Amino acid sequence: MLILDEPGNGLDPQGTRTLRCSVPRPGGGTVLVSSHLLGEVEHLVDDVVVINEGRLVAQGALADLQQPASLVRARESDRLAAVLEGEGATTSAHATNTLVVRGMPIDEIGDRAFTNGIALNELSPHGASLEELFLGWTSDLTTAEEGLTP
């Protein structure tokens with residue numbers, strides 16, 4: 001077992017690449033990585049365990065946790081969200097007039113919008129980064145305590 005605490009902290013691009021190539025892959029033993037550089041962690045790990053304030057908030061294969069989603073931009077995003085949720089999708093606000101939609105194939109999202117007369121400005125695949133996932137898993141506690149909005 002190898003434990004790495006902040007292994008990429010302060011590395012230049014060449015050092016980062018060397019680190020990525022040096023960490024053993026499956027079959028090469030267990031490597032535990034602790035880091036706040038979540039973009040880099042995505043390149044190093046296969047499985048994720050997230051602990052927030054002593055509580056396990058997420059665990060599993062990174063690929064499973066990064067469920068495929070679609071990014072949808074529409075002026076009537078609230079109305080579109082209601083339509084899609086009525087058909088079993090889950091939606092979350094991403095930015096002004098922008099939704100992240102999960103649980104519905106991208107072509108069905110377009111079809112539902114068209115059928116309901118909702119013009120789309122963007123419809124594209126969207127994969128959540130580990131940072132976005134982490135903030136979602138931990139935001140209930142941290143934003144409420146700090147008085148911040150996500």
Side-chain angles (χ1 to χ4, degrees), residues 1-75 77-78 80-81 83-85 87-113 120-150:
M1 176 185 276
L2 175 63
I3 300 175
L4 303 173
D5 184 21
E6 299 293 348
N9 208 12
L11 295 179
D12 63 5
Q14 184 60 44
T16 300
R17 175 168 278 172
T18 301
L19 174 66
R20 287 181 192 164
C21 296
S22 299
V23 173
R25 300 315 292 169
T30 300
V31 179
L32 176 65
V33 178
S34 172
S35 180
H36 69 283
L37 302 174
L38 300 180
E40 190 55 38
V41 168
E42 283 183 282
H43 294 285
L44 292 174
V45 304
D46 299 311
D47 295 293
V48 175
V49 175
V50 177
I51 299 171
N52 187 32
E53 296 188 1
R55 290 183 316 116
L56 177 67
V57 294
Q59 91 177 61
L62 183 57
D64 292 340
L65 295 171
Q66 291 178 313
Q67 302 169 15
S70 299
L71 189 71
V72 186
R73 205 164 41 86
R75 287 189 184 167
S77 60
D78 292 340
L80 180 60
V83 167
L84 298 177
E85 288 172 5
E87 296 293 327
T90 59
T91 67
S92 60
H94 184 68
T96 304
N97 295 330
T98 306
L99 302 170
V100 174
V101 180
R102 289 187 167 78
M104 181 177 286
I106 196 167
D107 57 335
E108 284 187 39
I109 295 168
D111 290 346
R112 303 273 192 248
L120 300 182
N121 302 107
E122 179 180 355
L123 178 57
S124 59
H126 177 74
S129 69
L130 183 55
E131 180 178 304
E132 289 173 314
L133 292 170
F134 177 85
L135 292 173
W137 294 324
T138 61
S139 66
D140 289 345
L141 295 174
T142 56
T143 56
E145 290 170 0
E146 296 172 9
L148 302 175
T149 56

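Note that this is a predicted model, so its numbers are computed, not measured.
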Gap between atom [atom2] of [Y] and atom [atom1] of [X] - 0.5 Å precision:
X: E122; Y: L71; atom1: CD; atom2: CG; value: 5.0 Å
X: N97; Y: R75; atom1: CG; atom2: CZ; value: 8.5 Å
X: T90; Y: E85; atom1: OG1; atom2: CD; value: 7.5 Å
X: D78; Y: L99; atom1: CG; atom2: CG; value: 7.5 Å
X: E108; Y: E87; atom1: CD; atom2: CD; value: 8.5 Å
X: S77; Y: H94; atom1: OG; atom2: NE2; value: 12.5 Å

Are the side chains of [Y] and [X] in contact, using a 4.5 Å heavy-atom criterion?
X: L19; Y: L44; answer: yes
X: S35; Y: E6; answer: yes
X: D47; Y: Q59; answer: no

Locate the shortest heavy-atom distance separating [X] from [Y]; write the atom from each residue and the value.
X: N9; Y: H36; result: OD1-CE1, 4.1 Å
X: L80; Y: A74; result: CD2-CB, 4.4 Å
X: L133; Y: Q66; result: CD1-CG, 3.5 Å
X: V41; Y: L130; result: CG1-CD2, 3.7 Å
X: I106; Y: S124; result: CD1-C, 3.7 Å
X: S129; Y: E42; result: CA-OE2, 3.8 Å

Look only at the side chain of D12 and the backbone of G15, and say whether a donor-acceptor pair between them is shorter than 3.5 Å.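 The answer is yes, because a donor-acceptor pair under 3.5 Å joins these two groups.
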Does any N or O in the side chain of S22 come within less than 3.5 Å of the main-chain N or O of R20, such that one atom is a donor and the other an acceptor? no
Take V50 and F134, measure what side-chain contact (heavy atoms from CB on, under 4.5 Å) needs, and give me the verdict at the end. CA-CA 8 Å; V50 177; F134 177 85; 3.8 Å; yes
Counting only heavy atoms not in E131 (residues, nucleotides, ligands), do more than 12 fall under 6.0 Å from its CD? no
Give me each pair satisfying salt bridge (Lys or Arg N to Asp or Glu O under 4.0 Å) with a member in residues 90-102, each pair once, sequence neighbours excluded.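 Checked against salt bridge (Lys or Arg N to Asp or Glu O under 4.0 Å) - neighbours excluded - no pair reaches residues 90-102.
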